[in-house]
Amino acid sequence: MENIRLVRWTPARMRAQLTEVITVYKAAFLDFHEPDPARAAIERTMHARRHAERRDLRAVAALLPDDRLVGFTYALPGLKGQWWHDVVSDALGPDGAVTWLGDCLEIVEFHVLPEFQGKGLGRRLLRELLREAPERTAALSALELPDSRARRLYASEGFIPLLSNFRFPGSWIEYAVLGKSLTPTEPAQDQPQPPSPQQPAHDAGDNRRQARAM
């Protein structure tokens, strides 16, 4: 994988290459986990375009020597009023929300083309995304498949379950919400610990904003 270079993209660069980003997303995830991958890709394009309008977006691309995109990840600082942030905050409760989402980099998407998976590229992307991030924590949601390659990667990189078997509004798919301290030590012992796994009820909503790793 020495010939693959990682490049931090500006929001403008991500907007310019959004078609390639969604192509990787579709091949790495949608084709395997969505009943209508083409429609899901269109919906995802709309969300990604909106995210790429934010100046505080952090994005990392994995490129071959010919500039072909083979993996990418991007994240946004969590803010009140954002769908994923608010849903997870409600589920964590006031103390958990302050501890884990009060100053959090929320990883939105994380994908590697199938033929490049299992070779350490995902770990490189994740580490580069989080390198020098100013936030206190990072968080994401992943499919509730504890023994999957993605979950093993997250665990080895210090992510711990905050919510397990969690269903986002409008979805029957179960997710795990994972968090990681970006400070030199884990949250202090007198801070609230992650709540017990739960599945609170919510009204229907967009269930697309989630991160998966390969």
Side-chain angles (χ1 to χ4, degrees), residues 1-14 17-18 20-25 27-29 48 51-52 54-65 67-78 84-85 88 99-163 175-187 194 209-214:
M1 306 297 277
E2 294 82 4
N3 63 336
I4 297 178
R5 71 188 191 280
L6 302 186
V7 179
R8 291 201 179 195
W9 277 358
T10 63
R13 178 73 180 276
M14 180 169 156
Q17 299 191 232
L18 195 55
E20 296 172 62
V21 168
I22 298 303
T23 297
V24 172
Y25 178 37
F29 185 82
H51 294 158
R54 285 182 52 173
R55 294 182 178 181
D56 53 2
L57 175 140
R58 293 173 67 92
V60 182
L63 302 171
L64 293 177
D67 286 337
R68 178 191 173 201
L69 183 70
V70 297
F72 78 96
T73 181
Y74 77 88
L76 294 164
W84 190 94
H85 179 92
V88 174
T99 299
W100 290 102
L101 301 185
D103 181 23
C104 182
L105 183 67
E106 297 174 0
I107 302 174
V108 184
E109 300 293 354
F110 180 19
H111 303 287
V112 173
L113 287 176
E115 60 266 35
F116 293 90
Q117 294 173 13
K119 301 177 182 179
L121 181 56
R123 189 179 302 277
R124 288 176 59 198
L125 278 166
L126 182 61
R127 289 181 176 181
E128 179 62 23
L129 180 71
L130 300 181
R131 182 173 63 85
E132 298 178 352
E135 289 80 13
R136 181 167 49 83
T137 63
L140 56 88
S141 51
L143 293 176
E144 187 62 279
L145 301 171
D147 196 40
S148 67
R149 179 183 291 155
R151 292 294 298 277
R152 292 196 300 269
L153 170 62
Y154 290 135
S156 70
E157 289 295 311
F159 284 84
I160 63 173
L162 308 181
L163 298 168
Y175 291 91
V177 175
L178 310 176
K180 170 184 170 70
S181 173
L182 299 181
T183 57
T185 59
E186 293 298 315
R209 191 167 168 220
Q210 57 216 3
R212 280 80 47 176
M214 298 296 180

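Scanning both residues, H111 and A28, for their nearest heavy atoms gives CB-CB, 3.9 Å. Of all non-hydrogen atoms in R151 and A176, the two that sit nearest each other are NH1-CB, 3.4 Å. Smallest separation of non-hydrogen atoms from R123 and S156: NH1-OG, 2.9 Å. Contact between A138 and C104 at its shortest, heavy atoms only, is C-SG, 3.8 Å. Listed here is the closest heavy atom pair of L162 and G179: CG-N, 3.7 Å. Of all heavy-atom pairs spanning A75 and L129, the tightest one is CB-CD2, 4.1 Å.
For R58 (side chain) and L105 (main-chain N/O), no donor-acceptor pair under 3.5 Å exists by modelled atom type. Listed for the T137 side chain is a donor-acceptor partner under 3.5 Å among the backbone atoms of W100. When atom types are taken as modelled, the side chain of R152 and the backbone of D147 share a donor-acceptor pair closer than 3.5 angstrom.
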Working for side-chain contact (heavy atoms from CB on, under 4.5 Å), residues R124 and E128: CA-CA 6 Å; R124 288 176 59 198; E128 179 62 23; over 6 Å; no
For L126 and I107: C-alpha separation, side-chain torsions, deciding distance, then whether side-chain contact (heavy atoms from CB on, under 4.5 Å) applies. CA-CA 9 Å; L126 182 61; I107 302 174; 3.9 Å; yes
Apply side-chain contact (heavy atoms from CB on, under 4.5 Å) to residues V70 and V112 and explain how you reach the verdict. CA-CA 6 Å; V70 297; V112 173; 5.9 Å; no
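To the nearest 0.5 Å, the span separating CG on L178 from OH on Y154 amounts to 7.5 Å. From W84, atom CH2 reaches atom CG of L101 across 6.0 Å, with rounding to the nearest 0.5 Å. Residue L153 holds its CG atom at 11.0 Å from CD of Q117, rounded to the nearest 0.5 Å. How far NE2 of H85 is from CG of L76: 12.5 Å, rounded to the nearest 0.5 Å. For the atom pair CH2 (W9) and CG (L69), the distance works out to 4.5 Å, reported to the nearest 0.5 Å. Taking CG of L6 as the start and CZ of R127 as the end, the distance is 12.0 Å to the nearest 0.5 Å.
The pair R54-E106 does not count as a salt bridge, with every side-chain nitrogen at least 4.0 angstrom from each carboxylate oxygen. Salt bridge annotation for E157-K180: absent, with no cationic side-chain nitrogen under 4.0 angstrom from a carboxylate oxygen.
Between R5 and D67 the shortest side-chain heavy-atom distance falls below 4.5 Å. You'll find the side chain of F29 reaches within 4.5 Å of the side chain of L143, heavy atoms only. Side-chain contact check for R68 versus L113: some heavy-atom pair is nearer than 4.5 Å.
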